[in-house]
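Note sheet for the following structure.
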Amino acid sequence: MRGMARRGMRLTVGLLVGAGTVAVELPFIVLSGIALLCVFVWPRGRRRVLEPVMAVARWLIESARRRLQFGGADFAYGYDDERALKYLAVRWLLGLLGAGVVFAALTGATIVLWASTVWTFTHVEHPVDVAETGVGALFLLFLSLQAVFGVAALEARLARHFLGPTHEKELKRRVAELASSRAGVVAAVNDERRRIERDLHDGVQQRLVALGMLLGRAVRSKDEAHAVELLRQAHAESRQALTELREVAWRIYPTVLDEAGLQAALETVAERSAVPVRLTWRLTREPETAVATVAYFVVSEAVTNAVKHSCAEGITVTVDRNENILSVRIQDDGWGGANASGSGLIGLARRVAALDGRLRVDSPVGGPTTITAELPCA
C-alpha cells in the first residue's frame, strides 16, 4: 500500500511537470511548423532551420525522458528527427489531459476535506446536502486517482511508440543479445569443464594415486604390523578422496537444490562457509528450476570469492522478488576492490545473461562489496 501511494505521488508530480512543459512545447511546435513551412521548398534553408529546431526538440525530449524515468517508465530510446517532432506534436495533448486529471483530484480532495471539517467542527443545517457533496467529491477523487495511473501509462506508451527503437532495430538488438549470451554460455560451459577437470586432477586423482601406492606397499610388505598401518592410512586416504569427490559433485550441481529447493541449498552454502553468512529469504514460493540454479551458483561463487579474497568477517545474502524479477544480493564487509572483469565474476555474468538477467558489481576499495543479480522469472 505504501509503495502504491509513493508511486502515485511520483506519477502526480510527473503529470504536473508534464503539464507545465506544455507552455513550452505548444509554442515550439507552432513556431517550428511555421518556420519549416516557409522553407519547405528550399533544401538549404530547411537544413538551417532544422538545426536549432532539433536542438530544442532534443532538450525537450531529454526532459520528458527524465520525467518518465522518475515515474518508473524506463525503456530504450532510439528515434530519429521525424519521430521526435511527431512525439512533441502529440504530447502536449496528454499534458493538458494530465493537468485536468490532477486538477480534478485536487478539487475532489479539497471538497472532501471541507465536508469533513464542516461535519466535525460546525453545526450543519443541511446535513444531507453536505453528505451528498462529500460523497460526490470522494467519488471524483477516486476516479481522478485512477485516471492519474491511466494517463501516466498512456504517456509512457506514447513515448515508447515514438521514441523507442523501431521493430527492426529491436529485432537486431535482440539477435545481437542472443548471439552474445549464446557465446557467453558456451564460454561458461567450457570454463566449468576446465574447472571440473582441474579439481579432479589436482584433488581426487592425487588422492587415488596415493591410495594405490599405499595399497601396493601394504601388499608387498612382509611386516604384518607395518601392512596394517599402511592399510589404515589407505582407508583414511579413501575417505578423504570420497569427501573431495563429493565436494566436486556438489560444485557441479547440488542434489539438495532438486530435493529441497533453493532456500535449503542456500542455507547449506551458509552452513559450509568459513565466514558467517546471514541469509534473508523474502520469497513466498520457490522459483523455477532454471532461475533457482543460476541464483544458487551466483550465491555460491560470490560467497566463495568473499571467503578467499576479501578477508570478510560477515556476509549477507538477500533473496527477494519484485513483480517478475528475482533479485539476489550478496554483500560482504571485506576490503573491496573486486575486479568485475575477473574470470569468476565474468562466469557469473554469463550465467545470468543466459536468462536475460543483469549482474552488477559494486566494490569500491575499502569495501563493502555488493553483487546483485536480477533474474527474470514467471
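It should be emphasised that the depicted structure is a prediction, and the values quoted were computed from it without experimental measurement.
To the nearest 0.5 Å, atom CZ of residue Arg58 and atom OG of residue Ser63 are 14.0 Å apart. Between the CG atom in Leu375 and the CG atom in Leu355 there is a gap of 6.0 Å [rounded to 0.5 Å]. The CD atom of Glu271 sits 11.0 Å away from atom CG of Leu266, with the distance rounded to the nearest 0.5 Å. Within the model, atoms CG of Leu138 and CZ of Phe142 stand 9.5 Å from one another, a figure rounded to the nearest 0.5 Å. Here NZ of Lys86 is found 7.0 Å from CZ of Phe162. Values are rounded to the nearest 0.5 Å. Rounded to the nearest 0.5 angstrom, Leu16 CG and Phe103 CZ are separated by 12.0 Å.
Under a cut-off of 6.0 angstrom, the local environment of CZ in Phe70 is crowded, with over 12 non-hydrogen atoms contributed by other residues, nucleotides or ligands. Summarising the local packing, CZ of Arg217 is surrounded by 12 or fewer heavy atoms from other residues, nucleotides or ligands at distances under 6.0 Å.
Note on Trp281: it clusters hydrophobically with Val269, by side-chain heavy-atom contacts below 4.5 Å among ILVMFWY residues. Under the 4.5 Å side-chain heavy-atom criterion for Ile, Leu, Val, Met, Phe, Trp and Tyr, Val101 and Leu154 are members of the same hydrophobic cluster. Using a 4.5 Å cut-off between side-chain heavy atoms of Ile, Leu, Val, Met, Phe, Trp and Tyr, with links allowed through other members, Leu359 and Leu262 fall into the same hydrophobic cluster. In the hydrophobic cluster analysis, where Ile, Leu, Val, Met, Phe, Trp and Tyr join through side-chain heavy atoms closer than 4.5 angstrom, Leu15 is grouped together with Leu106. Under the 4.5 Å side-chain heavy-atom criterion for Ile, Leu, Val, Met, Phe, Trp and Tyr, Leu26 and Leu85 are members of distinct hydrophobic clusters.
Across all their heavy atoms, Val22 and Leu96 have their closest contact at CG1-CD2, 3.9 Å. For the pair Glu313 and Pro276, the tightest heavy-atom approach, listed with the atom from each and the gap, is O-CD, 3.6 Å. Residue Val291 comes nearest to Pro376 through the heavy atom pair CG2-O, 3.6 Å, listed as atom of the first residue, atom of the second, then distance. Heavy atoms only, all atoms of each residue included: Ser273 and Val303 are closest at OG-CG1, 3.8 Å. Residue Ile330 comes nearest to Ala302 through the heavy atom pair CG2-CB, 4.0 Å, listed as atom of the first residue, atom of the second, then distance. In this structure, Leu348 and Phe297 approach most closely via the heavy-atom pair CD2-O, 3.6 Å.
Under 3.5 Å, the side chains of Ser327 and Glu374 contain no donor-acceptor pair of N or O atoms.
A salt bridge links Arg66 and Glu62; the closest N-O separation between the charged side-chain nitrogens and carboxylate oxygens is under 4.0 Å. Arg47 and Glu51 are not joined by a salt bridge, as no carboxylate oxygen comes within less than 4.0 angstrom of a charged side-chain nitrogen.
Within the 4.5 Å cutoff, side-chain heavy atoms of Arg321 are placed close to those of Arg285. Counting heavy atoms from C-beta on, the side chains of Leu68 and Glu155 come closer than 4.5 Å. Looking only at side-chain heavy atoms (C-beta outward), Thr316 and Leu279 stay at 4.5 Å or farther from each other. Looking only at side-chain heavy atoms (C-beta outward), Leu97 and Leu94 come within less than 4.5 Å of each other. Using a 4.5 Å heavy-atom cutoff, the side chains of Arg91 and Thr21 are in contact. Leu326 places a side-chain heavy atom less than 4.5 Å from the side chain of Leu283. Looking at heavy atoms from C-beta onward, Val53 lies in side-chain contact with Phe28 at the 4.5 angstrom threshold. In this structure the side chain of Ile315 reaches within 4.5 angstrom of the side chain of Val307, judged on heavy atoms.
Proximity of a side-chain donor or acceptor of Trp335 to a complementary backbone N or O of His309 within less than 3.5 Å is detected. Side chain of Ser238 to main chain of His235: a donor-acceptor pair is present (N/O by atom type, distance under 3.5 Å, no hydrogens or angles).
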Next item on the list: Test Arg360 against Thr370 for side chain to side chain contact (heavy atoms under 4.5 Å, CB included), laying out the working first.
Entry: CA-CA 8 Å; Arg360 298 195 304 271; Thr370 303; over 6 Å; no
Next item on the list: For Asp332 and Asn305, run side chain to side chain contact (heavy atoms under 4.5 Å, CB included): C-alpha distance rounded to whole Å, both residues' side-chain angles, the deciding distance at 0.1 Å, then the answer.
Entry: CA-CA 10 Å; Asp332 65 72; Asn305 289 341; over 6 Å; no
Check: Does the pair Ile111 and Thr133 meet the rule for a side chain to side chain contact (heavy atoms under 4.5 Å, CB included), with working shown?
Finding: CA-CA 8 Å; Ile111 296 176; Thr133 302; 3.6 Å; yes
